[in-house]
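Just below is one structure, and these are the notes that go with it.
In what follows, every chain begins at residue 1, and chains take the letters A, B, ... in the order their sequences are listed. Atom set for the values below is all heavy atoms of this structure, side chains included, hydrogens, waters and symmetry mates excluded.
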Amino acid sequence: DTEVTQTPKHLVMGMTNKKSLKCEQHMGHRAMYWYKQKAKKPPELMFVYSYEKLSINESVPSRFSPECPNSSLLNLHLHALQPEDSALYLCASSQLSEETQYFGPGTRLLVL
Amino acid sequence: GENVEQHPSTLSVQEGDSAVIKCTYSDSASNYFPWYKQELGKGPQLIIDIRSNVGEKKDQRIAVTLNKTAKHFSLHITETQPEDSAVYFCAASKSRNGNKLVFGAGTILRVKS
């Protein structure tokens with residue numbers, strides 16, 4: 001089973017709202033990732049968690065706040081977003097001893 | 001940092017023909033090169049990958065070749081089918097323990113029936 005699940009599938013939020021994206025995997029992977037993908041562009045890395053600790057932050061604005069409550073879950077808390085933050089947000093996971101990353105279906109976010 | 005260039009940006013082939021997508025990378029320390037297929041409204045799906053200690057890998061109709069000296073790698077799809085139509089991304093990385101994948105810009109493949 002190489003499934004990564006993400007909820008919700010779609011999200012519309014105003015610039016003053018607070019919302020969260022959720023990612024879950026049950027493959028025993030200890031590395032989890034958040035990517036942002038704009039239309040017709042490749043995914044861009046935002047954050048990496050290794051053993052539930054933040055290991056890479058690609059200079060992401062603080063209005064995006066990641067959280068890894070346990071080895072199976074990854075959240076992305078959103079607050080005071082801008083319309084340009086509208087994108088597909090992808091979660092991925094991998095074994096720490098392997099390079100292969102498995103992606104979820106993404107959450108399509110629209111900020112009004 | 002690593003930079004990955006991918007060509008062509010769009011590719012149209014007739015069903016049954018072969019398709020080739022090429023990528024070059026800049027960091028000679030990169031040692032892992034996956035290819036992802038992304039269909040409309042879905043997340044990227046790994047279709048094949050290759051590590052720097054191997055020159056070629058094949059899985060049914062899909063093959064990947066790697067030239068470490070020239071720092072380029074290619075995806076070959078034979079006997080293309082309409083369901084191969086999608087966006088294909090190459091990527092490169094050089095570390096484990098939570099590695100950073102750097103993606104190419106993507107290739108839109110259209111297979112005409």
Side chain, backbone, both or neither of Y51(A) within contact of chain B (heavy atoms, under 4.5 Å): neither

Residues in residues 16-25 of chain A near chain B [non-hydrogen atoms, under 4.5 Å]: none

Linked, directly or transitively: I48(B) and Y102(A) (ILVMFWY side chains, under 4.5 Å): no

Within 6.0 Å of CD in E2(B), more than 12 heavy atoms from elsewhere: yes

Over 12 non-hydrogen atoms of neighbours within 6.0 angstrom of CD in Q81(B): yes

ILVMFWY cluster, F33(B) and Y36(B) together (side-chain gap under 4.5 Å): no

Over 12 foreign heavy atoms within 6.0 Å of NZ, K58(B): no

Heavy atoms from other residues, nucleotides or ligands near CZ of R110(B) exceed 12 (cutoff 6.0 Å): no

Residues of residues 82-93 of chain A within contact distance of chain B, non-hydrogen under 4.5 Å: L88(A), L90(A)

Proximity breakdown for P44(B) and chain A, heavy-atom pairs closer than 4.5 Å: both

Common cluster, L11(A)/M15(A), ILVMFWY with side-chain heavy-atom separation under 4.5 Å: yes

Structural part of Q38(B) lying under 4.5 Å from a heavy atom of chain A: side chain

Close side-chain approach of F103(A) to L46(B), heavy-atom, < 4.5 Å: no

Residue Q14(B) excluded, over 12 heavy atoms near CD under 6.0 Å: yes

Any residue meeting side-chain contact (heavy atoms from CB on, under 4.5 Å) with P69(A), in chain and number order, not counting sequence neighbours: E67(A), L73(A), N75(A)

Close contacts, residues 104-112 of chain A versus chain B, judged by heavy atoms under 4.5 Å: G104(A), P105(A)

Interface moiety of Q6(A) toward chain B, non-hydrogen atoms closer than 4.5 Å: neither

T100(A) OG1 to Y32(B) OH distance, which is reported to the nearest 0.5 Å: 3.0 Å

hydrophobic_cluster_shared for L109(B) and I62(B), side chain cutoff 4.5 Å: yes

Linked, directly or transitively: V60(A) and V102(B) (ILVMFWY side chains, under 4.5 Å): no

Chain B contact via E58(A) - which portion, at a heavy-atom distance below 4.5 Å: side chain

Nearest non-hydrogen partners of P42(A) and G104(B), listed with the distance: CB-O, 3.2 Å

From Q37(A) atom CD to F103(B) atom CZ, the distance as rounded to the nearest 0.5 Å: 8.0 Å

Test item: L101(B) and Y33(A) side chains (from C-beta on) under 4.5 Å apart, heavy atoms: no

